[in-house]
> 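Here you go, one structure.
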Amino acid sequence: MAAGERSWEEIRKDFPVLDQEVNGRKLIYFDNAATSQKPLSVIEAMTCYYEHDNANVHRGLHELSNRATAGYEGARARLAAYIGAQEEEIIFTRGTTESINLVARAWGEEYLKAGDVVLLTEMEHHSNIVPWQMLAQRRGVKLRFIPITPEGTLDLTNLDQLLEGVKLFSFVHISNSLGTINPAAELVRRAKAAGATVLVDAAQSAGHLPLDVKELGCDFLALSGHKMCGPTGIGLLYGRREILDAMPPFHGGGEMISTVTFEGSQYKPSPYRFEAGTPAIAEAIGLAAAAEYIDGIGRARIWEHDQLLAREGLAVLSQIPGIRILGPLDHRAGLVAFTLQSAHAHDVVSMADQEGLALRGGHHCTQPLLRKLGVPASSRASFAFYNTIEEIHRMGEILKKVQAFFA
Amino acid sequence: MAAGERSWEEIRKDFPVLDQEVNGRKLIYFDNAATSQKPLSVIEAMTCYYEHDNANVHRGLHELSNRATAGYEGARARLAAYIGAQEEEIIFTRGTTESINLVARAWGEEYLKAGDVVLLTEMEHHSNIVPWQMLAQRRGVKLRFIPITPEGTLDLTNLDQLLEGVKLFSFVHISNSLGTINPAAELVRRAKAAGATVLVDAAQSAGHLPLDVKELGCDFLALSGHKMCGPTGIGLLYGRREILDAMPPFHGGGEMISTVTFEGSQYKPSPYRFEAGTPAIAEAIGLAAAAEYIDGIGRARIWEHDQLLAREGLAVLSQIPGIRILGPLDHRAGLVAFTLQSAHAHDVVSMADQEGLALRGGHHCTQPLLRKLGVPASSRASFAFYNTIEEIHRMGEILKKVQAFFA
Amino acid sequence: MNLEELYQEVILDHSKRPRNFGPLPDATVTVRGDNPSCGDEIELSLKLNGDQIEDVKFTGQGCAICMASASLLTLKVKKKDKAQAETLLTGFKDMLTAPEAPESNEALGDLQIFSAVRRFPQRVKCATLSWRALEQALEAHAGSVTTEEPAS
Amino acid sequence: MNLEELYQEVILDHSKRPRNFGPLPDATVTVRGDNPSCGDEIELSLKLNGDQIEDVKFTGQGCAICMASASLLTLKVKKKDKAQAETLLTGFKDMLTAPEAPESNEALGDLQIFSAVRRFPQRVKCATLSWRALEQALEAHAGSVTTEEPAS
Ligand SMILES: Cc1ncc(COP(=O)(O)O)c(C=O)c1O
Ligand SMILES: Cc1ncc(COP(=O)(O)O)c(C=O)c1O
């Protein structure tokens with residue numbers, strides 16, 4: 001901890017939800033990959049908006065509407081800064097899933113035709129598989145998958161071959177099921193060299209490490225607010241300006257048009273063209289507060305702490321008899337999925353919950369991946385910067401008990 | 001006011017935002033058709049969720065996730081009750097615009113083919129025009145419009161003819177630009193008799209009067225949470241169960257699938273099939289609190305008060321020299337749009353704002369309608385149950401001043 | 001912790017050593033049930049002779065609740081007729097999903113140890129998976145069932 | 001109320017009696033500008049002779065700010081050369097939209113009465129509509145401009 005920095009202990013106090021008992025035990029929230037908790041500053045930013053400034057945006061000429069517009073467009077600027085983009089490149093969506101669907105619909109239906117190849121990886125979340133399968137059904141595009149190694153990293157041996165003829169390459173930055181950190185910049189570089197448009201699913205990285213879309217070089221990037229200390233109901237799609245400028249709209253409605261006649265309509269430029277209807281105003285403001293909060297701590301510092309928790313988590317879990325840890329053993333994110341020989345993931349999670357420990361069990365929206373790994377379901381502990389080493393040790397004790405119970 | 005009922009004065013105190021000065025004057029918020037204000041109970045429901053229960057829904061097995069799921073699915077049940085539907089018939093969306101786009105994409109692309117007719121009205125909001133124009137471009141469907149009379153009501157003289165061969169009829173319940181209340185039940189009945197599927201845009205009616213989809217008989221109904229005292233970022237699409245069961249999905253992703261393989265996916269039944277990804281959990285909970293709040297007052301009582309405000313608003317406005325009031329003079333909702341001979345709508349609204357009066361000026365997302373009326377832009381005062389007769393009288397004084405200033 | 005309530009001895013025992021586990025070569029009807037959200041998969045096979053359930057076995061894998069429930073199911077319905085099995089089925093489902101918890105149902109016998117599952121809403125589908133398969137099998141429909149159903 | 005600041009006498013006067021209002025039959029370039037979000041529509045016509053703006057007129061309708069701005073524009077740029085008009089254009093836009101409010105700019109003369117518009121962000125496009133049309137006309141491109149631009 002550098003001079004002047006708030007301690008992790010102090011920071012943890014910003015999260016009211018963490019201060020509670022569950023089933024008579026102090027809550028240990030290790031389900032951060034599913035959704036993160038929210039600091040007071042985020043909750044208050046939204047309350048403040050509703051109690052003082054609430055109005056619809058853009059077309060308003062009165063004071064409240066000016067404030068709401070300034071808040072909403074200010075949030076766009078804040079998020080642009082958060083990922084190194086320009087304001088025009090930030091489209092607010094409900095989250096990663098809607099962002100990817102937006103690309104599949106608006107970009108995919110315009111630029112992809114029957115036989116074109118979309119390259120994915122075997123470790124994608126359903127939200128980066130199903131939209132492309134749906135597009136494949138509608139348009140006849142072909143899907144191709146980069147395989148994974150037994151360690152749970154991408155097998156890049158044949159990448160050049162796999163990239164051949166690829167129109168779009170869409171991949172997950174950090175796997176929510178394996179903790180694998182993919183070499184995003186390298187993947188983007190090679191895919192761009194092969195002529196592909198590239199989308200990065202940053203759902204699991206956006207709240208944890210520094211992200212710069214210009215450095216990454218990707219064309220699209222998707223993230224969810226609720227996974228980075230922000231509210232539910234908001235996320236974004238980054239699109240490179242030249243791409244967005246040429247892209248047809250997604251939804252039709254108010255705010256995204258410049259002129260409507262009974263015969264036809266003209267659309268506004270990006271980002272408005274892609275934001276039909278009243279947007280999630282309070283949520284955008286909440287998300288900006290989350291970006292502010294995270295950068296207040298510093299993403300480099302957060303990532304360092306993540307790494308510490310990841311190492312400790314791995315060390316503690318490795319000592320549970322009969323455990324199988326999924327994903328790589330080093331260079332990984334602060335989430336660890338595992339199976340116990342004696343107990344099914346559901347039983348593990350139910351029992352852990354009885355001890356106040358919140359884990360997630362199941363397929364983590366990566367059914368094809370788990371099938372490939374021969375794992376019907378896994379349990380997952382995922383950490384955030386407000387988690388502690390003590391909590392990880394408590395987890396170790398609880399899981400030992402669970403293991404013994406079912407053994 | 002019946003015995004035991006809270007007075008409107010008391011009710012008004014539930015809205016913190018109303019208690020402020022704007023430009024040195026007491027705020028008069030008459031921009032309710034753009035978005036409504038939120039009572040404390042709605043704000044607190046969301047704060048409480050974030051401070052105590054926040055977790056991702058559905059797939060979780062731990063306590064917080066159970067609470068979040070119960071909250072989210074409870075909200076679905078609450079909203080189903082609010083409009084007389086079954087839970088399976090409620091799809092949460094970002095709002096009316098997304099709801100209509102969902103129908104245009106998922107239902108429209110499945111059931112409409114080139115040459116099929118979609119019937120709209122000339123008083124539709126852009127969100128009920130542009131999605132169909134986009135579908136027309138993609139699929140070659142034809143759009144037809146029910147004309148309006150000079151008074152601003154639907155001209156139903158040739159309705160039977162207009163309904164001929166119509167596959168989908170989509171119309172606004174209450175016009176946000178004219179205040180016209182369309183005879184929804186009759187329109188639905190006649191359209192269904194002609195074999196059309198019917199969508200009702202209830203954006204402007206949902207927070208103001210009792211709604212029952214079974215009584216209305218419509219197939220789809222769309223509404224926005226933020227216009228009925230709920231949060232931004234949430235709304236819903238009601239779909240009749242038999243229709244939803246047969247409808248293909250909208251977005252692809254997590255939560256909406258039952259099985260995913262690299263080769264293809266199977267989808268869940270409604271409503272989950274239409275809710276890909278992490279939903280707007282806190283917002284759904286907030287919207288349920290809004291439904292609870294509104295029904296606590298009673299929609300019949302709210303509608304009665306609306307009518308009182310509408311009558312008084314019309315009476316006061318009629319006395320402004322050189323005013324032209326748009327829309328019908330009786331049987332109308334509590335919103336009044338008008339033009340002043342001497343002053344452009346922008347000037348009216350800017351000046352009103354200087355007096356703390358929030359109006360909206362422009363085309364109100366109904367450009368084709370205003371063009372037909374020969375009005376480049378109008379000013380609009382739209383009321384909610386927390387507004388008062390005194391505020392309406394203040395508006396009269398302010399507008400007289402504005403008129404005199406520019407005359 | 002009230003875990004012991006959920007994982008009673010009998011449940012643990014049946015999940016670790018499921019009875020009637022294995023293929024049933026002379027089955028007259030086989031139904032596959034899966035719970036895609038967690039990976040539970042079981043296959044229930046019945047040998048029906050008229051209205052009589054002559055034999056019943058299952059295979060598959062799943063959590064302790066799921067396995068124990070299937071195991072106890074086989075013990076309970078073997079050698080029963082369809083009507084008796086249906087009564088058990090209804091009683092079992094009611095115990096877990098009826099809006100109001102029903103009175104204790106003696107006819108269910110051992111199966112009553114699953115009544116605690118009621119309080120773990122996400123686990124109800126683990127306990128009912130094999131019973132949903134049975135339901136379909138009794139209608140003598142081979143095929144598959146899934147726990148993914150609309151909120152009802 | 002500081003409304004009088006926004007609607008100064010000169011602005012009211014020009015909006016009620018716009019100067020150089022009407023068609024310009026011998027125009028060399030005409031640009032249509034519209035602000036679809038509020039219905040402002042103006043058409044600006046220039047008669048260019050080499051670098052010289054020999055004549056300029058406009059038609060259309062819009063709010064007081066929009067009309068007054070167009071009217072004053074015509075007075076200011078008539079008989080000026082392109083370079084002078086461009087200097088005015090830059091100065092006018094900076095006055096309203098530069099991130100930091102610039103020092104008062106004597107060269108703008110009367111146009112400085114629009115500086116209050118800065119504080120009414122939604123009205124900036126009303127004031128700049130005719131100037132955006134001028135910008136395009138100076139490049140001698142007939143056509144149309146719109147105020148609907150990305151946040152910049
Ligand atoms: C890697 C990854 N991609 C996409 C998603 C989907 O995000 P959301 O549900 O917020 O749309 C998730 C979240 O579960 C994820 O972990
Ligand atoms: C009649 C009508 N329909 C649709 C909409 C669009 O609603 P939203 O912007 O919440 O999607 C509105 C709101 O402006 C409306 O008034």
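Each chain gets a letter, A, B and so on, in the order the sequences are listed, and its residues count up from 1.
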> Please determine, among A:Asp353, A:Thr232, A:Val130, the option with the most heavy-atom pairs under 4.5 Å with chain B.
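Among the listed options, the one with the most contacts to chain B is A:Thr232.
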> Give, as side chain, backbone, both or neither, the part of A:Ile281 having an atom under 4.5 angstrom from any heavy atom of chain B.
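Contact with chain B: backbone and side chain both.
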> Going from SG on B:Cys365 to CD1 on A:Ile257, what distance comes out if it is rounded to the nearest 0.5 angstrom?
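Separation between the atoms: 6.0 Å.
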> Let me know if A:Pro231 has heavy atoms under 4.5 Å from chain B in its side chain, its backbone, both or neither.
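Both backbone and side chain.
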> Quick check on A:Arg371 against chain B: is it the side chain, the backbone, both or neither that has a heavy atom closer than 4.5 Å?
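Only the side chain of A:Arg371 comes within 4.5 Å of chain B.
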> Is A:Val22 close to chain B through its backbone or its side chain, or both, or neither, when contacts mean heavy atoms under 4.5 Å?
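Only the side chain of A:Val22 comes within 4.5 Å of chain B.
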> Under 4.5 Å heavy-atom distance to chain B, tell me which part of A:Thr96 shows up: side chain, backbone, both or neither.
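No part of it gets close to chain B.
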> In terms of heavy-atom proximity below 4.5 Å to chain B, should A:Gln37 be classed as side chain, backbone, both, or neither?
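For A:Gln37, heavy atoms of backbone and side chain both lie under 4.5 Å from chain B.
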> Checking heavy atoms, do the side chain of A:His226, its backbone, both or neither come under 4.5 Å from chain B?
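For A:His226, side-chain heavy atoms alone lie under 4.5 Å from chain B.
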> Is A:Arg25 paired with A:Glu21 through a side-chain N to carboxylate O contact shorter than 4.0 Å?
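Result for this pair is no, no salt bridge flagged.
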> Of the backbone (N, CA, C, O) and the side chain (C-beta and beyond), which part of B:Arg380 lies under 4.5 Å from a heavy atom of chain A, both, or neither?
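Interface part for B:Arg380: neither.
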> Measuring heavy-atom distances to chain B, does A:Asn56 have an atom under 4.5 Å in its side chain, in its backbone, in both, or in neither?
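Its backbone and side chain both get close to chain B.
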> Which residue out of A:Gly277, A:Ala358, A:Ala136 racks up the most heavy-atom pairs below 4.5 Å with chain B?
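Most pairs with chain B among the choices: A:Ala358.
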> By a 4.5 Å heavy-atom criterion (distance strictly below it), what part of B:Ser224 contacts chain A: side chain, backbone, both, or neither?
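Neither part.
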> What are the two closest non-hydrogen atoms of A:Pro16 and A:Lys38, and how far apart are they?
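Closest approach of A:Pro16 to A:Lys38, heavy atoms only: CD-O, 3.9 Å.
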> Side chain from CB out, backbone as N, CA, C, O: work out which of these in A:His346 comes under 4.5 Å of a heavy atom of chain B, or both, or neither.
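Both backbone and side chain.
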> At a heavy-atom separation under 4.5 Å, does A:Asp31 approach chain B through its side chain, its backbone, both, or neither?
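Answer is side chain: those atoms of A:Asp31 sit under 4.5 Å from chain B.
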> When you check the gap from the basic side-chain N to the acidic O, do A:Arg144 and A:Glu124 get nearer than 4.0 Å?
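Salt bridge between A:Arg144 and A:Glu124, a charged N being under 4.0 Å from a carboxylate O: no.
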> Looking at A:Thr261, A:Ile234, A:Asn54, which has the largest count of heavy-atom pairs under 4.5 Å with chain B?
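Going by pairs under 4.5 Å, I would pick A:Asn54.
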> Where does B:Leu27 contact chain A at under 4.5 Å (heavy atoms): side chain, backbone, both or neither?
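For B:Leu27, the side chain is the part near chain A, not the backbone.
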> Relative to chain B, which segment of A:Leu64 carries a heavy atom at a distance below 4.5 Å: side chain, backbone, both, or neither?
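Just its side chain gets close to chain B.
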> Would you call A:Lys372 and A:Pro147 a side-chain contact if the rule is heavy atoms closer than 4.5 Å?
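Contact flag for A:Lys372/A:Pro147 side chains = yes.
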> Is chain A contacted by the side chain of B:Ser99, its backbone, both, or neither, given a heavy-atom distance below 4.5 Å?
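For B:Ser99, neither part sits under 4.5 Å from chain A.
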> Can you tell me which portion of B:Tyr267 sits under 4.5 Å from chain A's heavy atoms? Options are side chain, backbone, both or neither.
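Contact with chain A: side chain only.
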> State which residues pass side-chain contact (heavy atoms from CB on, under 4.5 Å) with B:Ser65; sequence neighbours excluded, sorted by chain then number.
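Checked B:Ser65 against side-chain contact (heavy atoms from CB on, under 4.5 Å); matches are A:Arg360, B:Ala55, B:His62, B:Thr69.
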> Could you check if a side-chain atom of B:His251 sits within less than 4.5 angstrom of a side-chain atom of A:Leu102, using non-hydrogen atoms only?
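The answer is no; the side chains never approach within 4.5 Å.
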> Using a cut-off of under 4.5 Å on heavy-atom pairs, state which of A:Phe250, A:Trp132, A:Phe15, A:Phe92 scores highest against chain B.
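Between A:Phe250, A:Trp132, A:Phe15, A:Phe92, the count favours A:Phe250.
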> Return yes if some donor-acceptor pair links the side-chain N/O of B:Arg138 with the main-chain N/O of B:Glu109 below 3.5 Å, else return no.
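Judged by distance alone, no pair lies under 3.5 Å.
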> How would you list, by chain and number, every residue that makes a side-chain contact (heavy atoms from CB on, under 4.5 Å) with B:Glu44, sequence neighbours excluded?
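By the side-chain contact (heavy atoms from CB on, under 4.5 Å) rule, B:Glu44 matches B:Leu40.
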> Side chain, backbone, both or neither: which part of A:Phe262 has a non-hydrogen atom closer than 4.5 Å to chain B?
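Contact with chain B: backbone and side chain both.
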> Select, from B:Ile129, B:Val349, B:Leu369, the one with the greatest count of heavy-atom pairs under 4.5 Å involving chain A.
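Maximum pair count with chain A is reached by B:Val349.
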> Among the options B:Asn128, B:Thr259, B:Leu143, pick out the one with the most heavy-atom pairs lying under 4.5 Å from chain A.
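So the answer, after comparing B:Asn128, B:Thr259, B:Leu143, is B:Thr259.
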> Taking B:Pro279, B:Gly254, B:Gly361, B:Gly362 one by one, which has the highest count of heavy-atom pairs under 4.5 Å against chain A?
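With the most close heavy-atom pairs to chain A, the winner is B:Gly254.
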> What part of B:Tyr29 gets within 4.5 angstrom of chain A, counting heavy atoms only: side chain, backbone, both, or neither?
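The side chain, not the backbone.
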> Please identify, among B:His126, B:Gln137, B:Glu255, the residue contributing the most non-hydrogen atom pairs under 4.5 Å to chain A.
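That would be B:His126.
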> For A:Asp53, which atoms come within 4.5 Å of any heavy atom of chain B: side chain, backbone, both, or neither?
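Looking at A:Asp53, just its backbone touches chain B.
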> Between B:Ser378 and B:His364, is any side-chain donor less than 3.5 angstrom from a side-chain acceptor?
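Yes, B:His364 and B:Ser378 have a side-chain donor paired with an acceptor closer than 3.5 Å.
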> Mind ranking A:Glu63, A:Glu263, A:Met256, A:Glu283 by heavy-atom pairs under 4.5 Å with chain B and telling me who comes out on top?
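Of the options given, most contacts go to A:Glu283.
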> Could you tell me if A:Asn32 and A:Ser382 have a donor-acceptor pair between their side chains, going purely by distance under 3.5 Å?
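No - no donor-acceptor pair under 3.5 Å links their side chains.
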> At a heavy-atom separation under 4.5 Å, does B:Val57 approach chain A through its side chain, its backbone, both, or neither?
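For B:Val57, the backbone is the part near chain A, not the side chain.
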> So which residue, A:Thr97, A:Asn101, A:Thr35, ends up with the most heavy-atom pairs under 4.5 Å with chain B?
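If we count pairs closer than 4.5 Å to chain B, A:Asn101 comes out on top.
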> Would you compute the distance between atom OG1 of A:Thr278 and atom CD of B:Glu98 and round it to the nearest 0.5 angstrom?
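Result: 12.5 Å between the selected atoms.
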> Side chain, backbone, both or neither: which part of A:Pro249 has a heavy atom under 4.5 Å from chain B?
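For A:Pro249, heavy atoms of backbone and side chain both lie under 4.5 Å from chain B.
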> If we define contacts as heavy-atom pairs under 4.5 Å, which of B:Asn66, B:Val17, B:Leu120 has the most with chain A?
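Maximum pair count with chain A is reached by B:Val17.
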> Under 4.5 Å heavy-atom distance to chain A, tell me which part of B:Gln20 shows up: side chain, backbone, both or neither.
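Looking at B:Gln20, just its side chain touches chain A.
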